[in-house]
S.K.: 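Mind looking over this structure? Questions follow.
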Amino acid sequence: MTTQTHGFQTEVQQLLQLMIHSLYSNRDIFLRELISNAADAADKLRFKALENADLYEGDGDLKVRIKADKDKGTLTISDNGIGMTESEIVEHLGTIAKSGTKAFFQSLSGDAAKDSQLIGQFGVGFYSAFIVADTVEVHSRAAGAKEGVMWRSKGEGTFETGPSDKTSRGTDIVLFLKDDDKDFLESYKLEQVIHTYSDHIGVPVELYKEGKEEGEDGGFAPVNQGTALWTKSKSEVSDEEYVSFYQHLSHDFGEPLTWSHNKVEGKHEYTSLLYIPKNAPWDLYQRERQHGLKLYVKRVFIMDDAEVFLPQYLRFVKGLVDSADLPLNVSREILQDSKLTQSMKGAISKRILSMLEKLAKDKPEDYAGFWKNFGAVLKEGPAEDFANREAIAGLLRFNSTHHDDTEHLVSLDEYLERMPEGQDKIYYVVADSFNAARFSPHLEVLRKKGFEVLLLSERIDDWMMSHLTEYKGKPFASATRGELDIEATDEEKEAEKAIEGVLAKVKDSLGDKVSEVRFTHRLTDSPACVVTDEHGMSSQMAKLLASVGQ
Ligand code: ADP
Ligand code: MG
């Protein structure tokens, strides 16, 4: 192995610049990221060793060790996990493999506070070491490999690789701390940060204690319990612990809105831990975005982003499942075709919907925040998840003629409660904007009758409504489609007779341009309006198709 200098991928250079400046106020996260990588390395080794136990090389006691050296000013994070070969180290610590990297950089605003949120969500990972270190040195020896490899960089444009004298399996990350960050050499500081982020990951984290007898444990003492949080019973876990586990899992700085932790027994046996985040990730609408749950089988980590467990419209949920029934060698392909995973997906979807129901009921303000961030995603639900259509509909929020403003939202249950005698449908109108919906001439007669109308104006609304037929036994009716079925008064019937001749003339002069000209009671102030056929395309849909050239 020769010593070589490599250039970082352009995106890495950009990320490094941004991160060092905008994340300084959250500098603690470097330790979370490095411990999380070390824990991942242990998980990966365990997984590979399922097929080849020799990879343990007689050392299956996987752990993370942290040691500060005050004389040298270094902090070292070591693991005895999977390690990296020379080519792996060049690839993993020289590029950003994540999809959507370009889109991510485009979404940055230049405002440090906002961008630091985004960068955190993007998962800064290993490179966050440069927030506190001016030089980072990595020594690694991959499981099964003979030679170790060294990586070194000042976090500017380049990094160096070469041989390393490391013989034990795993990876040491050595941080040469900047002068302002030497507080990370103090045990109390390290303990505090480790507790915050790493208390409940499934690998023990040990800290080197100065002055402690260098006995069998080499002067290291455990800081966390090394017990994966989801394997404990609910009563043993505090809210703070759930929150910090969420931060570990999601790499989010913030708190989740709510969570649900369940052990399911019976036909299938599994544990799920599901979180609803407070803030939307930057890439919620990116098509190639990874989503899904972390999958474990009998506590062994199997994969990230197992999307089979979550429908698309619940893609904002973070969490994990630990199955007792799936085989350890399960692949994405097997998961895709498995009846078991389909049934788990169904149960998990129901669980999430009921978490949201509970949130809406118990904490309406939090729910309003949820709706603002994720409502548009939930609106994909009725089309995707036919079985849970009604439950999803109950979670939807609408503008309506009741408040007649953009600020107040109503639920369908509130709508039903207010329904006056004589009304048997849920009326709605879909238009290009809130005001176009609100001032739609189609609403006049409904307003006159005192019937509330839902005012919809988002792109997805027309499509969503085409998948909703009724809620709690009451059918939905578009105010812009066909007959409204509202009983005419005698006075209106008289008026209708008087105008018959006029209708015939209008029809004659418009000819084939219209399918029908009819008298209506639906207008009170406007002279006429266009109505689409009961079964025809809605005018929104027609506009949408026209806009794509159909
Ligand atoms: P992520 O963890 O999201 O993949 P990181 O920037 O944290 O991104 O790490 C990049 C990659 O570097 C990891 O995916 C892994 O392949 C490799 N890596 C980092 N730290 C370690 C480690 N301690 N042991 C083995 N591989 C590591
Ligand atoms: Mg990482």
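Note that the structure is a prediction, hence the values are computed from the model and not measured. Both ligands and their constituent atoms are indexed starting at 1 by order of listing.
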S.K.: Using a cut-off of 6.0 Å, state whether more than 12 heavy atoms not belonging to Lys298 lie near its atom NZ.
M.R.: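 Counting other residues, nucleotides and ligands, NZ of Lys298 exceeds 12 neighbours.
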
S.K.: Sub-3.5 Å donor-acceptor pair from the side chain of Arg315 to the main-chain atoms of Gln312, do we have one?
M.R.: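 Such a contact is found between Arg315 side chain and Gln312 backbone.
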
S.K.: Would you check if the side chain of Glu206 reaches a backbone N or O of Val223 as a donor-acceptor pair within less than 3.5 Å?
M.R.: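 Flag not set: sc Glu206 to bb Val223 has no pair under 3.5 Å.
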
S.K.: Is the shortest N/O to N/O distance between Asp79 and ligand 1 below 3.5 Å?
M.R.: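 Right, the criterion is met.
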
S.K.: Centroid separation under 6.0 Å, is that true for the rings of His6 and Phe159?
M.R.: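 Judged by ring-centre distance (under 6.0 Å), Phe159 and His6 do meet the cut-off.
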
S.K.: Considering the heavy atoms of Ala41, write down every atom of ligand 1 situated less than 4.0 Å from one of them.
M.R.: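 Checking each atom against Ala41, I get 24 (N), 25 (C).
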
S.K.: Among Tyr275, Trp230, Trp259, which one satisfies ring-ring contact (aromatic ring centres under 6.0 Å, His included) with Tyr246?
M.R.: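 Exactly one candidate clears the test, Tyr275.
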
S.K.: Take Ser349 and Asp385, measure what side chain to side chain contact (heavy atoms under 4.5 Å, CB included) needs, and give me the verdict at the end.
M.R.: CA-CA 9 Å; Ser349 304; Asp385 189 353; 4.3 Å; yes

S.K.: When you measure from the side chain of Arg351 to the backbone N and O of Ser260, does any donor-acceptor pair fall under 3.5 Å?
M.R.: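 A pair under 3.5 Å: no.
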
S.K.: List-wise, which protein N, O or S atoms are found short of 2.8 Å from the Mg ion (ligand 2)?
M.R.: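 Counting only protein N, O or S atoms under 2.8 Å from the Mg ion (ligand 2), the list reads Asn37 OD1.
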
S.K.: I'd like to know whether CZ of Arg299 has more than 12 heavy-atom contacts from other residues, nucleotides or ligands below 6.0 angstrom.
M.R.: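 Open.
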
S.K.: In Å, rounded to the nearest 0.5 Å, how long is the span from CZ of Arg65 to OH of Tyr208?
M.R.: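 Reported to 0.5 Å precision, the distance equals 11.0 Å.
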
S.K.: Using a strict cut-off of 4.0 Å, indicate which atoms of ligand 1 neighbour a heavy atom of Phe126.
M.R.: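 Reading through ligand 1 atom by atom, the close ones are 5 (P), 6 (O), 7 (O).
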
S.K.: Out of Glu88, Glu33, Lys44, Met84, indicate the one that has the non-hydrogen atom closest to atom 13 (C) of ligand 1.
M.R.: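 Among Glu88, Glu33, Lys44, Met84, the closest heavy atom to atom 13 (C) of ligand 1 comes from Lys44.
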
S.K.: Considering only heavy atoms of Leu93, which atoms of ligand 1 have at least one such atom less than 4.0 Å away?
M.R.: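 Those atoms are 12 (O).
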
S.K.: Could you tell me which atoms of ligand 1, counted from 1 in the order shown, lie closer than 4.0 angstrom to a heavy atom of Gly125?
M.R.: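 Atoms satisfying the 4.0 Å criterion: 5 (P), 6 (O), 7 (O).
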
